[in-house]
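Shown next, in structure tokens, is the structure this report addresses.
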Amino acid sequence: MPDIKEVQTEFKPKILAFCCNWCAYAGADLAGVSRFQMPTNVRVIRVMCSGRVPPELVIRALANGLDGVMILGCHPGDCHYSEGNYLTRRRAHVLKRLLSYIGIEPERFQLRWVSAAEGAKFSAVVKEATDKITALGPNRWVDKK
Amino acid sequence: MKTSSKEVQDSVKKLFEDGRISHFIGYEAGSDSLRVTPCFLKSGQTVSRLVWNPLCANNLAKYLLDLRKVEGKVGILVKGCDSRSVVELLKENQIERDRVFIVGVPCSGIVDGEKLLAVLGISPGDVVAVEDGGDAFLVTTREGKRRVRKEQVLRGECLVCRYPTPVIYDVLLGEAIPSLPWVRDDYSLVRELEELSAEEKARYWNRELSQCIRCYACRNVCPVCNCPECIFDKKAPRWLSKANDISENLVYHLIRAFHVAGKCVDCGECERACPMGIPLRRLNKKVEKDLLELFGYTAGIDVEQQPPLTKYQVGDLDEFL
């Protein structure tokens, strides 16, 4: 039986990605069928709009120990519901600063625009996020006594 | 605090006599001489209970919500900060403007009882009365009168108060105070923390938030926390477990800070109500500062102004790309 400690030495972050049904989710699909290589650390949750993702979900995920949370939505101007991504963008600015203020590295929360045609961008975004969060290490806020 | 209790009593009495209000929310003497407590009047007979002094800390705006269904108009005594809460309630259509009668009093600072006792080195029973004396408070103790410089004993929010005079009122008692001489840097508390490293910030907040017993006093006392069903009380989906756990405390305080974003007027009630002394204003102030810097928004000034997170501009900052 392998030593448990030894198995855990390599840090593989768990990252959550909320993907908009109309763009980033299709972008992820395109990345898949185009066979772009990317890390497997990202877990995708499909939402109908990036505007569907309230800060509560991001906070809950980070407090539960996820190492990173991404919201992937349509480019500004392209929202299927006209304005969902604009509202998310405003909230994200405030949330990012609040997280940083409380001691959670701002890189752990990312908002990115990925259209349905941008399979390559999806894989690049995932790779970049994984690299950044791997460099940060595990999300250990709750243990910082 | 040039306005006296007598002036408040007289004007409220007149309002009742003229039939302009059916209820009045003000302050009356509390359980000890360092405390005042909210006072609810239904007639002009009992106006002698009302007081107005530098101990009137409570934000009475919250009680307007409890009196939404009563017959007639509800009168309320507001300081600068309370009036901004009233503006926020009006903005959200929680109350109707023509059903409240706002009696404004310019406020030149409220005493923090604990600071006062520490500065004077006395116990609560020794204080007889606290009066406003310009740049100092005149404290009558059992041993005699003493002067205490305001900066030493003011409540935290009063030290950075930009709105000593109510922004909305039907009648203003006393002369408007344009600004308070001691107010300089509004966000020094926030900046101090912002300069720390992520590790230090995490340690600081972990230590502070781990004290939280989740009594929800900060939520219950907050005038803008008025959802019929609070997200933290919901059973399905359950956002917050009942477990005594630092991650739950983190979720609670972050979500709360976010939910009052754009509505918090820094009246300081959450921090005053907190039995564990958690610096909640430091959290809310940060959101306030960001909203000001990002969107140029200050809460509680203008009823017509739309909250910043419910609108957008195409050209908003897009720093994520």
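Numbers restart at 1 for each chain; the letters A, B, ... are given by sequence-line order, proteins then strands.
- The environment of B:K115 atom NZ is dense: over 12 non-hydrogen atoms of other residues, nucleotides or ligands sit within 6.0 angstrom.
- For A:L62, no part lies near chain B; criterion is any non-hydrogen pair under 4.5 Å.
- Ranking B:L283, B:L291, B:V190 against chain A, the residue ahead of the rest is B:V190, based on heavy-atom pairs under 4.5 Å.
- By the neighbour-count criterion of 12 heavy atoms within 6.0 Å, atom CD of B:E229 is densely surrounded, having more than that number from other residues, nucleotides or ligands.
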* Worked check of salt bridge (charged side-chain N to carboxylate O under 4.0 Å, His left out) between A:E105 and B:K201 -> CA-CA 10 Å; A:E105 298 86 347; B:K201 285 189 269 197; over 6 Å; no
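- Between chain A and the residues B:L250, B:L196, B:L240, B:I246, the largest count of heavy-atom pairs under 4.5 Å involves B:L250.
- Most heavy-atom pairs under 4.5 Å with chain A: of the set B:T310, B:I231, B:V251, B:V287, this distinction falls to B:V251.
- A:I59 CD1 to B:Y252 OH: the interatomic distance, rounded to the nearest 0.5 Å, is 13.0 Å.
- Most heavy-atom pairs under 4.5 Å with chain B, from the set A:R97, A:R91, A:R90: that is A:R90.
- Looking at A:L95, both its backbone and its side chain come within 4.5 Å of chain B, counting heavy atoms on both sides.
- Atom CG of B:N244 has 12 or fewer heavy atoms from other residues, nucleotides or ligands within 6.0 Å.
- Atom NZ of B:K234 has more than 12 heavy atoms from other residues, nucleotides or ligands within 6.0 Å.
- Of the inter-residue distances, the one linking B:N206 atom CG with A:D143 atom CG reads 8.0 Å to the nearest 0.5 angstrom.
- If you measure heavy-atom distances from B:Y204 to chain A, you find no contacts under 4.5 Å at all.
- Atom-to-atom distance recorded for A:L98:CG and B:N284:CG is 9.5 Å, nearest 0.5 angstrom.
- Closest of all the heavy-atom pairs between B:S247 and A:A63 is CB-O, 3.4 Å.
- Contact annotation for B:H259: only side-chain heavy atoms (C-beta onward) come within less than 4.5 Å of a heavy atom of chain A.
- In this structure, B:L294 and A:H93 approach most closely via the heavy-atom pair CD1-CB, 3.7 Å.
- When all heavy atoms are compared, the tightest approach of B:L254 to A:I102 is CD2-CD1, 3.5 Å.
- Heavy-atom distances place no part of B:K289 under 4.5 Å from chain A, backbone and side chain included.
- Heavy-atom contacts from other residues, nucleotides or ligands closer than 6.0 Å to CZ of B:R214 number more than 12.
- Other residues, nucleotides and ligands contribute more than 12 heavy atoms inside 6.0 Å of the CD atom of B:E151.
- Looking at B:S197, there are no atoms closer than 4.5 Å to chain A (heavy atoms on both sides), in backbone or side chain.
- Taking the ring axis of B:Y312 as reference, the NZ or CZ atom of A:R89 does not stay both within 45° of it and closer than 6.0 Å to the ring centre.
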* To do: Evaluate the side-chain contact (heavy atoms from CB on, under 4.5 Å) criterion for residues A:L87 and B:L309: first the C-alpha distance (whole Å), next the side-chain angles of each, then the deciding distance (0.1 Å), finally the verdict.
  => CA-CA 7 Å; A:L87 293 169; B:L309 296 181; over 6 Å; no
* To do: Show your reasoning for whether side-chain contact (heavy atoms from CB on, under 4.5 Å) applies to B:F258 and A:V58.
  => CA-CA 12 Å; B:F258 217 94; A:V58 178; over 6 Å; no
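- Ion pair B:E199/A:R140 not flagged as a salt bridge, since none of the NZ, NE, NH1 or NH2 atoms sits closer than 4.0 Å to an Asp/Glu carboxylate oxygen.
- Contacts of B:E208 with chain A are absent, with no heavy-atom separation under 4.5 Å from either backbone or side chain.
- Of the listed residues (B:R203, B:K286, B:E248, B:H253), the one with the most heavy-atom contacts under 4.5 Å to chain A is B:K286.
- Within the model, atoms CH2 of B:W205 and CD1 of A:I104 stand 12.5 Å from one another, a figure rounded to the nearest 0.5 Å.
- The OH atom of A:Y101 lies 10.5 Å from the NZ atom of B:K285; values are rounded to the nearest 0.5 Å.
- For the residue pair A:Y86 and B:V314, the shortest heavy atom distance occurs at OH-CG1, 3.6 Å.
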